[in-house]
Amino acid sequence: MAAQEISVPDIGNFSDVPIIEIHVAPGDTVAAEDPLLTLESDKATMDVPSPVAGTITALAVSVGDTVSEGTVIVTIDAAGGGDGPPKEAVTAQPAATSGGGAPSNGAGATEELTAPAGYGSSAAPPSGHDRAAAPVGAPAPYTGQKGDVHAEVLVLGAGPGGYTAAFRAADLGRKVVMVDSRGPLGGVCLNIGCIPSKALLHAAKVIAETKEMSHAGLTFSAPTIDLDALRGWKDSVVTRLTGGLTGLAKQRKVQTLVGTGTFTSPNMLTVTTPDGSTTTVSFDAAIIAAGSEPVTLPFIPHDDPRVIDSTGALDLDDVPERLLVLGGGIIGLEMATVYSELGTKISVVELMDQLIPGADKDLVTPLTKRIAKTYEAIWLGTKVTAVSAGADGLTVSFDSSASKDKAKAPQTAVFDKVLVAVGRRPNGRVIGAENAGVFVDDRGFIPVDKQQRTNVSHIFAIGDVVGQPMLAHKATHEGKVAAENTAGHTSYFDATVIPSVAYTDPEVAWVGITENEAKAAGVKYGKGVFPWVASGRSLSLGRDEGLTKVLFDENTDRVIGAGIVGPSAGDLIAEAALAIEIGADAADIGLTIHPHPTLSETVAMAAEAFEGTITDLYMPKKKKK
């Protein structure tokens with residue numbers, strides 16, 4: 001065959017995606033589906049596989065470059081080798097518009113499956129995802145063979161999505177077995193993610209507030225930090241929640257097994273316990289809620305205890321003098337918030353030209369300005385090229401050649417610890433799904449339809465493993481849908497929007513279409529913006545840097561998106577999410593009486609600003625009604 005130029009396949013409605021790793025070099029031989037390079041998002045990464053086997057003859061890109069669908073990345077001589085005949089890459093399959101109907105379960109049928117974006121803004125609504133046809137598995141028929149334990153519904157994974165699915169299925173009368181590798185229920189979120197991080201963020205907020213009141217005549221001495229006590233309090237919050245889940249499981253007679261679950265056939269799972277023993281679980285239906293794990297980078301010495309991920313950061317072993325946060329997304333910035341208030345000098349390095357790349361820049365700017373005053377450094381448009389371990393610390397090499405900022409990163413700098421927070425990778429490829437006939441794409445995602453059904457009719461999947469956004473609140477809703485379908489109900493996941501929140505200080509939250517997305521898609525929109533400097537409540541809190549922005553359809557005045565930055569933004573964004581779900585327009589929000597003085601009334605005032613009826617701001621150009 002002649003040399004073939006390989007391009008970036010469809011990666012969803014996103015462009016200018018940064019390359020964080022290249023896996024091949026000229027002269028290398030690759031098999032079909034071998035990864036060529038890795039792209040980075042805020043909370044996940046995706047590998048771009050080779051669609052053919054052959055020999056790499058040329059690279060067209062470098063680490064740090066940004067690419068979009070159709071960008072040429074390598075040239076391959078398909079006659080040059082590989083371990084098999086070329087085959088079409090899964091990601092190159094044509095997309096089709098979702099019809100939202102129930103899938104066909106007939107033998108040999110092709111179901112309409114959600115193609116996970118795998119990259120991009122966590123605010124992207126699931127109903128807007130492209131659809132792609134995935135091959136339907138041809139598992140052997142269920143013979144009725146029983147395992148050591150039999151379940152009408154097996155749930156693999158006990159995170160927020162998994163335990164929600166298990167409890168809902170039990171409430172509907174199903175005999176449920178839930179398998180998880182951890183002893184305590186709750187998965188990553190409750191044990192080593194959302195909950196412990198929010199506990200520590202609250203502690204950080206208390207410290208910050210004692211400093212911020214000095215201008216009002218209230219001066220506090222520097223806090224004495226007892227790390228053991230702080231860690232113990234954080235763990236007690238986790239234990240209280242996970243213990244409560246254990247009680248709920250017992251009340252519902254949900255059987256739980258601790259161990260690593262691997263599918264061995266379409267109706268059988270083997271659970272390997274921590275002591276090495278195994279238990280087989282047969283099932284009539286299964287719900288995969290296997291979650292995700294942190295992404296690692298090959299040039300970082302991960303065997304060095306001074307290199308940590310989010311789990312290591314939450315362990316709170318010590319308070320390093322200097323910490324580099326590699327990745328300016330939500331996870332990295334939340335941990336930076338905690339350690340900064342505990343006394344660590346924080347530096348953040350981000351490959352893109354803004355922090356939290358999935359959010360609009362005007363929402364991120366107040367956060368960037370605030371932390372720039374206290375952090376040691378923030379390096380945007382900068383990549384880390386190497387990390388070496390030494391007796392005096394971790395020496396990190398930087399490349400700021402693409403940075404637009406005046407302040408460039410040094411060529412090298414030494415840190416006491418490095419927190420790697422560049423994303424999470426789905427666990428679809430580590431559960432033996434192929435043994436059950438379940439299709440898993442090259443990135444580890446399991447495509448599903450709107451009933452959360454995989455290509456195998458009696459197996460469902462939910463949460464991180466089915467695609468973006470990788471958020472617990474999405475997983476819980478998907479879990480209920482999957483459980484109801486296993487019980488014979490007809491249920492669909494059809495949320496219009498899914499909110500995203502960064503629990504930084506200030507918080508950043510958004511829902512629906514962002515302004516960046518609206519511009520890129522050519523959506524005709526109007527917006528109302530209310531700056532918190534005009535809010536009595538925000539001024540009384542001593543925090544006037546926030547703003548509330550609401551986007552409206554120009555033709556109907558209906559809410560299509562919103563963004564909020566400021567204290568409690570994560571709580572406030574729910575009103576905008578509800579407004580979008582019920583089709584509310586600007587008048588609906590503006591005419592709803594909000595309590596005063598509150599931060600919630602900034603949402604109403606943003607709607608009034610769009611309508612031109614606001615009196616708390618002077619706006620000469622008002623919309624004619």
Side-chain angles (χ1 to χ4, degrees), residues 121 123-125 127-128 358-367 495-501 506-539 543-625:
S121 168
S127 57
D360 286 335
K361 188 172 183 178
D362 57 349
L363 297 180
V364 180
T365 297
L367 168 66
T496 303
V497 291
I498 302 171
S500 293
V501 183
E507 293 181 5
V508 180
W510 65 99
V511 68
I513 192 169
T514 66
E515 206 166 351
N516 289 339
E517 291 167 343
K519 290 176 181 177
V523 174
K524 293 182 178 180
Y525 70 95
K527 67 177 178 179
V529 179
F530 187 80
W532 286 19
V533 71
S535 163
R537 180 58 174 157
S538 65
L539 293 177
R543 299 295 297 271
D544 62 0
E545 76 273 24
L547 67 86
T548 297
K549 174 175 69 173
V550 184
L551 305 183
F552 301 89
D553 182 290
E554 200 171 71
N555 296 319
T556 65
D557 285 2
R558 287 188 174 183
V559 184
I560 59 174
I564 304 174
V565 56
S568 301
D571 297 302
L572 299 175
I573 201 66
E575 179 178 351
L578 178 61
I580 297 172
E581 286 288 350
I582 66 174
D585 61 20
D588 292 326
I589 297 176
L591 294 176
T592 298
I593 299 177
H594 291 63
H596 173 79
T598 62
L599 297 176
S600 67
E601 64 185 340
T602 66
V603 179
M605 291 178 178
E608 291 179 348
F610 168 73
E611 284 201 299
T613 61
I614 190 168
T615 56
D616 284 69
L617 294 174
Y618 176 64
M619 303 180 68
K621 295 182 180 180
K622 298 180 181 179
K623 181 180 177 183
K624 295 181 180 180
K625 300 302 291 182

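All values below come from the heavy atoms of this structure, side chains included, with hydrogens, waters and symmetry mates left out.
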Do Thr548 and Val529 have side chains that get closer than 4.5 Å, going by heavy atoms? no
Take Val497 and Glu581 through the test side chain to side chain contact (heavy atoms under 4.5 Å, CB included) and record every step on the way to the result. CA-CA 7 Å; Val497 291; Glu581 286 288 350; 4.2 Å; yes
Contacts of Asp544 meeting side chain to side chain donor-acceptor pair (under 3.5 Å) (sequence neighbours excluded), chain-then-number -> none
Nearest heavy-atom approach of Ala609 to Gly528 is CB-CA, 4.2 Å
Verify, without hydrogens or angle tests, whether Glu554 (side chain) and Gly526 (backbone) share a donor-acceptor contact under 3.5 angstrom.
no
Ala569 and Val508 have their tightest heavy-atom pair at CB-N, 4.5 Å
Scanning both residues in full, the closest heavy-atom pair of Val364 with Ala359 reads CG2-CB, 3.9 Å
By side-chain contact (heavy atoms from CB on, under 4.5 Å), Leu617 pairs with (sequence neighbours left out) Phe530, Pro531, Ala534, Ile614, Met619
Phe552 meets the ring-ring contact (aromatic ring centres under 6.0 Å, His included) criterion, sequence neighbours left out, with Phe610
Residue set satisfying side chain to side chain donor-acceptor pair (under 3.5 Å) with Arg537, at least two apart, ordered chain then number -> none
dist Asp557:CG -> Glu611:CD (nearest 0.5 Å) comes out at 6.5 Å
For Ile573 and Ala562, the nearest pair of non-hydrogen atoms, with its separation, is CD1-O, 3.9 Å
With sequence neighbours left out, the residues meeting side-chain contact (heavy atoms from CB on, under 4.5 Å) with Glu575 are Ile589, His594, Val603
Contacts of Glu515 meeting side chain to side chain donor-acceptor pair (under 3.5 Å) (sequence neighbours excluded), chain-then-number -> Tyr525, Lys527, Lys549
Nearest heavy-atom approach of Ala607 to Gly590 is CB-N, 4.0 Å
Is there a side chain to side chain contact (heavy atoms under 4.5 Å, CB included) between Val511 and Ile580? Walk through the geometry before answering. CA-CA 9 Å; Val511 68; Ile580 297 172; 4.1 Å; yes
Distance col, row Thr365:OG1 vs Asp362:CG, nearest 0.5 angstrom, shows 6.5 Å
Across all chains, not counting sequence neighbours, the side-chain contact (heavy atoms from CB on, under 4.5 Å) partners of Asp571 are Ser568
Checklist entry - Under a 4.5 Å cut-off applied to non-hydrogen side-chain atoms, are Val550 and Val559 in contact? => result yes
Margin query: Donor-acceptor pair, distance only, cut-off 3.5 Å: does the side chain of Asp553 make one with the backbone of Asn555?
Written below: yes
* Asked: Considering only heavy atoms from C-beta outward, does the side chain of Trp510 approach that of Leu363 to under 4.5 Å?
  -> yes
Minimal heavy-atom distance between Pro366 and Val565, with the atoms involved, is CG-CG1, 3.8 Å
Q. Is the shortest side-chain N to carboxylate O distance from Arg543 to Glu545 below 4.0 Å?
A. yes
_Tell me if a side-chain donor or acceptor on Asp360 pairs with a main-chain N or O of Asn516 at a distance below 3.5 Å._
yes
| Heavy-atom check, side chain of Ile560 versus side chain of Val523, under 4.5 Å | yes
Rounding to 0.5 Å, atoms OG1 (Thr514) and NZ (Lys361) come to a distance of 14.5 Å
Thr592 meets the side chain to side chain donor-acceptor pair (under 3.5 Å) criterion, sequence neighbours left out, with none
Residues passing the side-chain contact (heavy atoms from CB on, under 4.5 Å) test with Ser538, sequence neighbours excluded, are Trp532, Ser535, Leu599
